[in-house]
Amino acid sequence: MLKNDSFLKALLRQPTDHTPLWVMRQAGRYLPEYNATRGRAGSFLELCKNPDLATEVTLQPLARFPLDAAILFSDILTIPDAMGLGLYFADGEGPKFERPLRDEWEVRNLTAPDPTVHLRYVMDAVKSIRRALSGSVPLIGFSGSPFTLACYMVEGGGSDDFRHIKGMLYRRPDLLHRILEVTTEAVIQYLNAQIASGAQAVMVFDTWGGTLTTPAYEEFSLQYMRRVAEGLTKEAEGRTVPSIVYTKGGALWLESIASAGFDAVGLDWTINIADARKRIGDRVALQGNMDPSALFGTPEIIQQEVARVLNGFGNHPGHVFNLGHGISRFTPPENVAVMVDAVHSQSRQIRL
């Protein structure tokens, strides 16, 4: 039995006495205790692959702030790493792959990994975190979207221009579709394994979908996310397992995203949440969407920005407060405390 299930209720558009919130990248480098644990782990990848340390850092923000959900500490690139692409993290450069997908034979030989075998450390972390949470708040599992995973797999890391994957998209779309078929299968299996291990909600991060044209977004990102939504386990432990989809830069396609089959749509900070709700009504819940940079403001400014988002959504069920993107590593933790308190106190006043 969950002591606080407001997050799950909000995703299912059920009434709650306050607006629940969590923060994308809430276990991260803005917390000194996280940096200490990461130092003990030796590297970011070792931290991800150690279930005990992953549990430790997952719980750290909950010890500081009365958040309404925990999110598994991991990385979206665990799937391609398990496919044998050789994930590593270069200092100051982010994630890299030793063997990016460029040749046709590599694409043809690509297969989805068995998450219970090749990603067992993630499932062990999910189980460990659920035990440690002891029913206090729900646990969110997650994955990158098929297209976002493909971006990293083809580019070999992050990119400013996505020339390799976009070159494949326009030159050999058959190869890109082959990659997306496999990553879609992998994402479905991975998220369902997390649910079987104890995740109580799941989220798909379509970080790079917003770099596409409208026709390409439909063909190479959204249609595959629809398949993910369709393939997800819908119930576990006697209750619904809600799902969230987030496309950074996806405001143009909000109506289509809301029809993709997920229970909630995450919004980045570029769209007015009141406009978003007008466009899609109560078809799905909304998550978001304060500008992460607002957390560099004064306490008064942070409270004003919280009020703007809450009032924009209004006194309706179906809102999970969050930032519009991941929290910056330079954010003062005390400003996060101001935001959390403002969300809880102001939303309770709205519901009076």
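Computed from heavy atoms alone, side chains included, the values below leave out hydrogens, waters and symmetry copies.
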Any idea how [X] and [Y] line up, ring-wise: parallel (<30°), tilted (30 to 60°), or perpendicular (>60°)?
| X | Y | answer |
| --- | --- | --- |
| Tyr217 | Trp253 | parallel |
| Trp269 | His325 | tilted |
| His177 | Phe220 | parallel |

Quick one: does any side-chain atom of [X] pair with a main-chain N or O of [Y] as donor and acceptor, under 3.5 Å?
| X | Y | value |
| --- | --- | --- |
| Arg102 | Glu155 | yes |
| Ser347 | His344 | yes |
| Gln303 | Gln346 | no |
| Arg99 | Gly84 | yes |
| Thr16 | His18 | yes |
| Thr148 | Trp208 | yes |
| Asn4 | Val137 | no |
| Lys248 | Phe205 | no |
| Asn192 | Gly231 | yes |
| Asp103 | Trp105 | no |

Problem set entry | Donor-acceptor side-chain pairing of Gln60 and Thr37 below 3.5 angstrom |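 Gln60 vs Thr37: donor-acceptor pair found between side chains.
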For this session: Check the side chains of Ser259 and Arg226 for a donor-acceptor pair under 3.5 angstrom, ignoring hydrogens and angles.
Result: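 Note: Arg226 and Ser259 side chains miss the donor-acceptor criterion.
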I need the [X] [atom1] to [Y] [atom2] distance, nearest 0.5 Å.
| X | Y | atom1 | atom2 | answer |
| --- | --- | --- | --- | --- |
| Gln194 | Thr233 | CD | OG1 | 11.0 Å |
| Leu47 | Asn50 | CG | CG | 7.5 Å |
| Leu110 | Met83 | CG | CE | 4.5 Å |
| Arg329 | Asn35 | CZ | CG | 7.5 Å |
| Thr19 | Phe7 | OG1 | CZ | 13.0 Å |
| Leu286 | Asn322 | CG | CG | 12.5 Å |

Under 4.5 Å between any side-chain heavy atoms of [X] and [Y], yes or no?
| X | Y | value |
| --- | --- | --- |
| Pro20 | Val320 | yes |
| Phe313 | Phe321 | no |
| Tyr152 | Pro95 | yes |
| His319 | Val309 | yes |

For this session: Validate the cation-pi geometry between Arg38 and Phe44: distance from NZ or CZ to the six-membered ring centre under 6.0 Å, angle to the ring axis within 45°.
Result: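 No cation-pi geometry.
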Would you say [Y] ends up clustered with [X] if hydrophobic residues are merged whenever their side chains have heavy atoms under 4.5 Å apart, either directly or through other cluster members?
| X | Y | result |
| --- | --- | --- |
| Leu212 | Tyr170 | yes |
| Leu12 | Trp22 | no |
| Leu252 | Phe147 | yes |
| Met290 | Ile301 | no |

Problem set entry | Of all pairs that satisfy salt bridge (Lys or Arg N to Asp or Glu O under 4.0 Å), the ones with a partner from residues 75-89, not counting sequence neighbours |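 For residues 75-89: Lys49-Asp81.
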Any Lys/Arg nitrogen of [X] or [Y] sitting under 4.0 Å from an Asp/Glu carboxylate oxygen of the other?
| X | Y | answer |
| --- | --- | --- |
| Arg227 | Glu181 | yes |
| Lys234 | Asp263 | no |
| Glu305 | Arg308 | yes |
| Arg64 | Glu33 | yes |

Might you confirm whether atom [atom1] of [X] has over 12 heavy atoms from other residues, nucleotides or ligands at distances under 6.0 Å?
| X | atom1 | value |
| --- | --- | --- |
| Lys9 | NZ | no |
| Glu230 | CD | no |
| Arg279 | CZ | yes |

Looking only at heavy atoms, which two atoms of [X] and [Y] are closest? And how far apart?
| X | Y | result |
| --- | --- | --- |
| Asp68 | Ser6 | OD1-OG, 3.5 Å |
| Tyr30 | Pro333 | O-CG, 3.4 Å |
| Leu323 | Met339 | CD2-SD, 3.8 Å |
| Leu72 | Val122 | CD2-CG1, 3.8 Å |
| Met225 | Ser145 | SD-CB, 3.8 Å |
| Glu185 | Ala112 | CD-CB, 4.0 Å |

Problem set entry | Sub-6.0 Å ring centroid separation between Tyr246 and Phe142 |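 No, too far apart.
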Problem set entry | The single option from Ile79, Val228, Ile76 passing side-chain contact (heavy atoms from CB on, under 4.5 Å) against Ser143 |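 With Ser143 as partner, side-chain contact (heavy atoms from CB on, under 4.5 Å) holds for just one option, Ile79.
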Exercise. Passes side-chain hydrogen bond (donor to acceptor under 3.5 Å, both in side chains), Thr183 versus Tyr224? Steps please.
Worked result: CA-CA 9 Å; Thr183 54; Tyr224 289 100; over 6 Å; no
